[in-house]
Asks: 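Shown below is the structure under consideration.
Here, residue 1 is the first one in the sequence, and each next residue gets the next number. Basis for what follows: all heavy atoms, side chains included, without hydrogens, waters or symmetry-related copies.
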Amino acid sequence: MTPNSLERLNAYSLDKTTLDNGEWAARSALGLNLPHVRDLECAILNDLVEASPYGVFWWNSDVAPENRILIGDQLYASTEGVSENLSEAILHHREFMDWREKEQRLFSVARTNAGSRPVGPKADNALDLVTPWMVRLHAAGVARALSSALDCLAGAIVVIVGLPLDVLKADFRGVERLLARHPNGVSSQPEQGRKIQAEFYEAFQDSIRETGPAGWIEWLLDYRNMLVHRGRRTQINQIVPSAILDATGCTARALSVNVLPREPKRSDADVFRDPAGIGSAFLSEDVSTTLNGLIASASLLAESVADTLLRVWTSRRRS
């Protein structure tokens, strides 16, 4: 982490109140505030019982005790996984920023002859070579953790909203597609269940629209899938010369701008054949801007959906 990040964490003291729940205090110190996610997590945990009837005590008694235990356990694990993965994304981002600063210091000595293109710095040792790898490592870690947070959120949706999906294999896209196919509720469900699903889907769509630009979730999940399942796309670093020149007219300082693929679900060979050229294959903003936006949107989405899920949970508990 950067010295400033470490200093802020070290300065965040834990009093008697926060010591009772140190993990959430640590998340606050990281700047991650998820009150609705926390309330949902607590509500589910408080409704789990270790004695008969086991699992969530107010669930239908027709459900076998073994299933009540297994489903209840996975529901809580999924909900807890939302905050845990968002925390990991923040930590990856802090490490990304630290290594990004190191990379920028390397590029700050990149030089050009007057009027020519800038070139990257010459590596003096193995650490210089590894530094860009560490930048990419933690950028990938942010995307992986955010995607996992969304998939954990999907697991909570499956159980609380009562979707006919395997909670152990739940993923965000699968939940989104099922709800889109059945906007008025899954026909095999009782009337009350269909009503819950239809109302949730409406709120779910609103949450997606209001927490980020169109297509941000698809981009994030496609990027995660590329990292996990396919060959990596070409990494692009643009070396931008500054106006600072030395006595010979050479650039005395440069800036490295790293950009991510615009369509991570496609391969390099596929996008490079587009008539628009290589420029259209990448986002126009620096990777740090992209990661900041993704963390903000994923956190807002988790909070918004958790708020809706908590209302569904409370309503079902009372009925």
Asks: Are there over 12 heavy-atom neighbours, none belonging to Gln205, within less than 6.0 Å of that residue's CD?
Replies: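 Buried by this count: over 12 neighbours within 6.0 Å.
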
Asks: Evaluate the side-chain proximity of Val56 to Val49: yes if any heavy-atom separation is below 4.5 Å, no if none is.
Replies: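 Val49 does not reach Val56 side chain to side chain.
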
Asks: Has Arg68 got a side-chain atom pairing as donor or acceptor with Gly55's backbone, closer than 3.5 angstrom?
Replies: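 Checked: no pair found.
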
Asks: Is it true that the side chains of Asn85 and Arg144 contain a donor and an acceptor less than 3.5 Å apart?
Replies: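 Looking only at side-chain atoms, Arg144 and Asn85 do form a donor-acceptor pair, the distance falling under 3.5 Å.
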
Asks: Counting C-beta onward and ignoring hydrogens, is there a side-chain heavy-atom pair between Ile157 and Ser78 closer than 4.5 Å?
Replies: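 No, side chains not in contact.
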
Asks: For the backbone of Leu227 and the side chain of Arg233, can you confirm whether one donor and one acceptor N or O come within less than 3.5 Å of each other?
Replies: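 Pair absent, no side-chain N/O of Arg233 close to backbone of Leu227.
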
Asks: Side-chain heavy atoms nearer than 4.5 Å, only ILVMFWY residues, links allowed to pass through others: does that put Val159 and Leu48 together?
Replies: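 They do share one cluster, since a chain of ILVMFWY contacts under 4.5 Å joins Val159 to Leu48.
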
Asks: Begin from the C-alpha positions of Ser267 and Phe272 and carry the test side chain to side chain contact (heavy atoms under 4.5 Å, CB included) through to its verdict.
Replies: CA-CA 9 Å; Ser267 68; Phe272 289 167; over 6 Å; no

Asks: Contact between Asn225 and Lys265 at the side-chain level, heavy atoms closer than 4.5 Å - yes or no?
Replies: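 They are not in side-chain contact.
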
Asks: Hey, what do you get for CG (Leu310) to CG (Leu40), rounding to the nearest 0.5 Å?
Replies: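 Result: 5.5 Å between the selected atoms.
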
Asks: Tell me whether Leu34 shares a hydrophobic cluster with Ile208, the cluster being built from Ile, Leu, Val, Met, Phe, Trp, Tyr side chains joined at under 4.5 Å.
Replies: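 They do share one cluster, since a chain of ILVMFWY contacts under 4.5 Å joins Leu34 to Ile208.
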
Asks: Within a strict 4.5 Å, meaning less than it, do heavy atoms of the Asp171 and Leu150 side chains meet?
Replies: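 Sidechains of Leu150 and Asp171: no contact.
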
Asks: When you measure from the side chain of Trp24 to the backbone N and O of Asn33, does any donor-acceptor pair fall under 3.5 Å?
Replies: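 Checking the backbone N and O of Asn33 against the side chain of Trp24, no donor-acceptor pair under 3.5 Å is found.
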
Asks: With clusters defined by side-chain heavy atoms of hydrophobic residues (ILVMFWY) lying less than 4.5 Å apart, directly or transitively, does Val63 cluster with Leu70?
Replies: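 Per the 4.5 Å side-chain linkage, Leu70 and Val63 are not co-clustered.
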
Asks: What I'd like to find out is whether the side chain of Ile196 reaches to under 4.5 Å of the side chain of Val312, using heavy atoms alone.
Replies: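 SC-SC contact between Ile196 and Val312 confirmed.
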
Asks: Okay, side chain of Asn125, backbone of Asp128: is any donor-acceptor separation there less than 3.5 Å?
Replies: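 A pair under 3.5 Å: yes.
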
Asks: Within the 4.5 Å heavy-atom criterion, are Gln74 and Leu168 side-chain neighbours or not?
Replies: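 They are in side-chain contact.
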
Asks: In Å and rounded to the nearest 0.5 Å, what is the CG to CD1 distance from Asp166 to Ile71?
Replies: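 Here the rounded value is 9.5 Å.
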
Asks: Below 4.5 Å, heavy atoms only, C-beta onward: do Leu86 and Val82 meet side chain to side chain?
Replies: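 Counting from C-beta outward, Leu86 and Val82 do come under 4.5 Å.
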
Asks: Tell me, with the steps shown, if Ile160 and Leu75 meet side chain to side chain contact (heavy atoms under 4.5 Å, CB included).
Replies: CA-CA 8 Å; Ile160 295 175; Leu75 169 60; 3.9 Å; yes

Asks: Where do Leu146 and Ala89 come nearest, in terms of heavy atoms and distance?
Replies: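 So the minimum-distance heavy-atom pair works out to CD2-CB, 3.5 Å.
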
Asks: Answer yes when Arg38 and Glu41 have at least one side-chain N-carboxylate O distance shorter than 4.0 Å, and no when they do not.
Replies: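 Not counted as a salt bridge, because no side-chain N and carboxylate O are separated by less than 4.0 Å.
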
Asks: Please check: side-chain N/O of Asp270 versus main-chain N/O of Arg266, any donor-acceptor pairing under 3.5 Å?
Replies: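 No; zero donor-acceptor contacts below 3.5 Å.
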
Asks: Taking Val142 as the starting point, is it possible to reach Met97 by hopping between hydrophobic residues whose side chains are less than 4.5 Å apart?
Replies: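 Same hydrophobic cluster.
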
Asks: What class does the angle between the rings of Tyr201 and Phe204 fall in, given that below 30° is parallel, 30 to 60° is tilted and above 60° is perpendicular?
Replies: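 Tyr201 and Phe204: tilted rings.
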
Asks: Verify, without hydrogens or angle tests, whether Ser304 (side chain) and Leu301 (backbone) share a donor-acceptor contact under 3.5 angstrom.
Replies: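 Here the side-chain-to-backbone pair does not exist.
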
Asks: Please check: side-chain N/O of Ser207 versus main-chain N/O of Ala203, any donor-acceptor pairing under 3.5 Å?
Replies: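 Yes, the answer is positive, given that a donor and an acceptor are paired below the 3.5 Å cut-off.
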
Asks: Salt bridge or not for Lys169 and Asp151, using N-O below 4.0 Å?
Replies: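 Salt bridge absent between Lys169 and Asp151.
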
Asks: Considering non-hydrogen atoms only, spot the tightest contact between Ser187 and Arg194 and give its length.
Replies: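 It is O-NH1, 3.8 Å.
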
Asks: Hey, does the side chain of Ser297 reach the backbone of Leu294 with a donor-acceptor pair shorter than 3.5 angstrom?
Replies: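 Absent.
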
Asks: I need the minimum non-hydrogen distance between Pro65 and Tyr54, along with the two atoms involved.
Replies: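 Of all heavy-atom pairs spanning Pro65 and Tyr54, the closest is CB-CD1, 4.0 Å.
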
Asks: Roughly how far, to the nearest 0.5 Å, is the CG atom of Leu32 from the CZ atom of Arg27?
Replies: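 It comes to 7.5 Å.
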
Asks: If you take all heavy atoms of Phe200 and Leu179, which pair is closest and at what distance?
Replies: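 Shortest heavy-atom separation between Phe200 and Leu179 comes out as CE2-CD1, 3.9 Å.
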
Asks: Any chance you could lay out the side chain to side chain contact (heavy atoms under 4.5 Å, CB included) test for Trp216 and Leu220, step after step, and finish with the verdict?
Replies: CA-CA 6 Å; Trp216 75 269; Leu220 171 62; 4.1 Å; yes

Asks: Let me confirm one number: the CH2-CD distance from Trp99 to Gln104, rounded to the nearest 0.5 Å.
Replies: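 One finds 14.5 Å between CH2 of Trp99 and CD of Gln104.
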
Asks: Between Trp59 and Asp47, does any side-chain donor sit less than 3.5 Å from a side-chain acceptor?
Replies: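 There is no such pair (donor and acceptor under 3.5 Å, judged by atom type) between the side chains of Trp59 and Asp47.
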
Asks: Between the main-chain N or O of Met1 and the side-chain N or O of Glu95, is there a donor-acceptor pair closer than 3.5 Å?
Replies: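 Judged by distance alone, yes, a pair lies under 3.5 Å.
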
Asks: State, to 0.1 Å, how close Ala198 and Gly185 come at their nearest heavy-atom pair, and which atoms those are.
Replies: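 Smallest heavy-atom distance, with atoms named: CB-N, 4.3 Å.
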
Asks: Identify the two heavy atoms, one from Ser83 and one from Ser87, that lie closest to each other, and give their separation to 0.1 Å.
Replies: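 Heavy atoms of Ser83 and Ser87 come nearest at O-OG, 2.8 Å.
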
Asks: Do the side chain of Glu303 and the main chain of Val37 share a donor and acceptor less than 3.5 angstrom apart?
Replies: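 The answer is yes, because a donor-acceptor pair under 3.5 Å joins these two groups.
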
Asks: Report the C-alpha separation of Glu285 and Asn292 in whole Å, then their side-chain angles, then the decisive distance to 0.1 Å, and conclude whether the side chain to side chain contact (heavy atoms under 4.5 Å, CB included) test is met.
Replies: CA-CA 11 Å; Glu285 61 188 18; Asn292 281 328; over 6 Å; no

Asks: What distance do Arg317 atom CZ and Thr314 atom OG1 have between them, rounded to the nearest 0.5 Å?
Replies: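 So the gap between those two atoms works out to 8.0 Å.
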
Asks: To the nearest 0.5 Å, tell me how far His138 NE2 sits from Leu291 CG.
Replies: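 His138 NE2 to Leu291 CG: 12.0 Å, rounded to 0.5 Å.
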
Asks: With the side chain counted from C-beta on, respond yes when Val287 and Val259 share a heavy-atom pair under 4.5 Å apart, and no when they do not.
Replies: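 Heavy-atom side-chain distance check fails, nothing below 4.5 Å.
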
Asks: Got a salt bridge between Asp98 and Arg94, using NZ or NE/NH1/NH2 to carboxylate O under 4.0 Å?
Replies: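 Salt bridge between Asp98 and Arg94, a charged N being under 4.0 Å from a carboxylate O: no.
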
Asks: How about Arg318: does its CZ atom have over 12 heavy atoms from other parts shown lying under 6.0 Å from it?
Replies: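 No.
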
Asks: Would Leu91 end up clustered with Val135 when hydrophobic side chains under 4.5 Å apart are linked, directly or stepwise?
Replies: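 Yes, Leu91 and Val135 fall within the same hydrophobic cluster.
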
Asks: Give a yes or no on whether Trp133 atom CH2 has more than 12 heavy-atom contacts from other residues, nucleotides or ligands under 6.0 Å away.
Replies: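 Atom CH2 in Trp133 is not packed in, count stays at 12 or less.
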
Asks: Restricting to side chain to side chain donor-acceptor pair (under 3.5 Å), what partner residues turn up for Arg173, sequence neighbours left out?
Replies: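 Partners of Arg173 by the side chain to side chain donor-acceptor pair (under 3.5 Å) criterion, ordered by chain and then number, come out as Asp222.
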
